[in-house]
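Since the structure comes first, as structure tokens, the remarks are kept for the end.
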Protein chains: 2
Amino acid sequence: MAKSKQREDHVKALYALGESLGGPKAWVSTNQMADHLGVKAPSVTSMVQVLQELGWAEHRPYRGARLTVAGRRLALNLVRKHRLWETFLVERLGFGWEEVHDIAEQLEHIDSVKLVDRLDEYLGCPKVDPHGDPIPDGKGLFNDDRSLRSPSDLVAGDVGRVAAVQRDDAALLSLLKSHGVALGTEWTHEALQGLPHDLREQLLLELVSTMKHGAS
Amino acid sequence: MAKSKQREDHVKALYALGESLGGPKAWVSTNQMADHLGVKAPSVTSMVQVLQELGWAEHRPYRGARLTVAGRRLALNLVRKHRLWETFLVERLGFGWEEVHDIAEQLEHIDSVKLVDRLDEYLGCPKVDPHGDPIPDGKGLFNDDRSLRSPSDLVAGDVGRVAAVQRDDAALLSLLKSHGVALGTEWTHEALQGLPHDLREQLLLELVSTMKHGAS
DNA sequence: CAATATTTTTAGATTTGTCTAAATTATTTT
DNA sequence: AAAATAATTTAGACAAATCTAAAAATATTG
Ligand SMILES: [Mn+2]
Ligand SMILES: [Mn+2]
Ligand SMILES: [Mn+2]
Ligand SMILES: [Mn+2]
């Protein structure tokens, strides 16, 4: 099987970029991966060839790469571990939501199926992490039944509960915190307008109440 | 500073072997380290030279190596992390004492001062790990005020509480468990005789009560 | 649609950490 | 004390993961 921190990081990048590019069939360019990982393009090319050897990715020269089913399974397990550890750090150790990403980047590579299962159970099988990102279960399935709305979808009279932040970047999360934004806090349409535009647009909310008569 | 899993493992081996050979001034041979780490002697020689460059060890060719003050500080921090994580795994996640060593071998390399401090606090600043090994504090000091006795020191009528196991080897720990031995369990002199010799001699006990009139 | 610009891969070098085989130093025996 | 034995280091090779510079393929554009 031959996992390594670097190989796993490349698989994770391939997964994340593939998702943002329209699902598992999308080809991800080696340059995009290089940018995302902070390495140079030739390093990615050679790593992607290794991932192909290992059966985790498919590489079409000059087209890009995408995950195989096995690679996707590995990626989802890494996402699961990352988000469970982030939850542990915030819920149990009292870290702020802006502090946990870098530590979780390390913890996600710890290799023990039993540890992940126990951690999940210990945390009460959380559905989302401290940034509102859904946590896949042991089979790689998301159980996310929230209906998330962009702040710009709310109209006067609506109240929304902060359910997720789109980017998990420490600077952004700190700023949000300093404006009183935390997961679960409730905001009226008007209160939301009081937030700087670039902060507000990173939020996703669940509608708590509205004056409109909406279709189900 | 340039830490790496391998460098840290060599520092830890140097610490452990140095202690068992009579303290921080003892010279540890590269062969001993090679055995302990499961690598070949030339690999150790070259790593020890790197550790010297980094200021963590001193290497006298054909004599051996020993830690500098900085190296010792690093080693104690690794021991601290290892034992805190073992404690977390047993106390919070419900692992058995025979299951945690290998996972802690990975977790001890996670690099975050704040994480270690928070974990320590979360666990209630434990003094010993699940095997009864003392946990150094943030300054590298052991606060171990137990007086540990070998089973062979107990005489008829004495009762001892299991306080530590000398080796933390999964097979031994499983066997002990199957004989009802766990940290904190109390054993009379007679009950101890019922244990196989090679298991019994790995135990360290605190005297709970005795019939003898002992000097303080 | 040919020339140019951009993207991607290949080629070859570098660092880290490991190995085996050979040379060197230290220790033990006769 | 010389010879034999054992321990340790050096020399040179290799795999993993990265880099820069050059070559090749693709995309853009006049
Ligand atoms: Mn994260
Ligand atoms: Mn997250
Ligand atoms: Mn251990
Ligand atoms: Mn232990």
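Chain letters run A, B, ... following the sequence lines, proteins first, then strands; residues in each count from 1.
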Outer limits of DNA chain D sitting under 4.0 Å from a non-hydrogen atom of chain B, read 5' to 3', are D/dA7 to D/dT10
Of all the heavy-atom pairs spanning B/Leu175 and B/Ser178, show the shortest one and how long it is.
-> O-OG, 2.7 Å
Go through the structure and list residues passing side chain to side chain donor-acceptor pair (under 3.5 Å) with B/Gln202, not counting sequence neighbours.
-> none
Please list, chain by chain and in numerical order, all residues satisfying salt bridge (charged side-chain N to carboxylate O under 4.0 Å, His left out) with A/Lys127, sequence neighbours excluded.
-> none
Any pair with a residue in residues 88-137 of chain A that passes ring pair (Phe, Tyr, Trp, His ring centres under 6.0 Å), sequence neighbours left out, goes on the list, sorted by first then second residue, please.
-> A/His82-A/His101, A/Trp85-A/Phe88, A/Phe88-B/Phe88
Would you call B/Glu108 and B/Arg80 a salt bridge, taking side-chain N to carboxylate O under 4.0 Å as the test?
-> no
Which residue pairs pass the ring pair (Phe, Tyr, Trp, His ring centres under 6.0 Å) test when at least one of the two sits in residues 14-47 of chain A, sequence neighbours left out?
-> none
Salt bridge present between A/Glu98 and A/Lys177 (N-O < 4.0 angstrom) = yes
Stretch residues 101-111 of chain A: residues that reach within less than 4.0 Å of DNA chain D through a heavy atom = none
Can a donor-acceptor pair be found between the side chains of B/His197 and B/Glu201 at a distance below 3.5 Å?
-> yes
Residues at least two apart in sequence or cross-chain that pass salt bridge (charged side-chain N to carboxylate O under 4.0 Å, His left out) with B/Arg72, listed by chain then number, are B/Glu19
For residues 139-146 of chain B, tabulate all N or O donor-acceptor pairs below 3.5 Å that involve a side-chain atom, not counting sequence neighbours.
unit_1, atom_1, unit_2, atom_2, d
B/Asp144, OD1, B/Arg146, N, 3.4
B/Asp144, OD1, B/Arg146, NE, 2.7
B/Asp144, OD2, B/Arg146, NH2, 3.3
B/Arg146, NH1, B/Gly132, O, 3.1
B/Arg146, NH1, B/Ala163, O, 3.0
B/Arg146, NH2, B/Gly132, O, 2.8

Do nucleotides 3-17 of chain C as a string where each nucleotide becomes B, S or -: B if the base has a protein heavy atom under 4.0 Å, S if just the sugar-phosphate does, - if no protein is that close.
-> ----SBBB------S
Residues at least two apart in sequence or cross-chain that pass salt bridge (charged side-chain N to carboxylate O under 4.0 Å, His left out) with B/Asp153, listed by chain then number, are none
Which residues, if any, of residues 19-26 of chain B bring a heavy atom under 4.0 Å of DNA chain D?
-> none
Residue pairs passing the salt bridge (Lys or Arg N to Asp or Glu O under 4.0 Å) test with at least one member in residues 53-68 of chain B, sequence neighbours excluded, are B/Glu58-B/Arg60, B/Glu58-B/Arg66
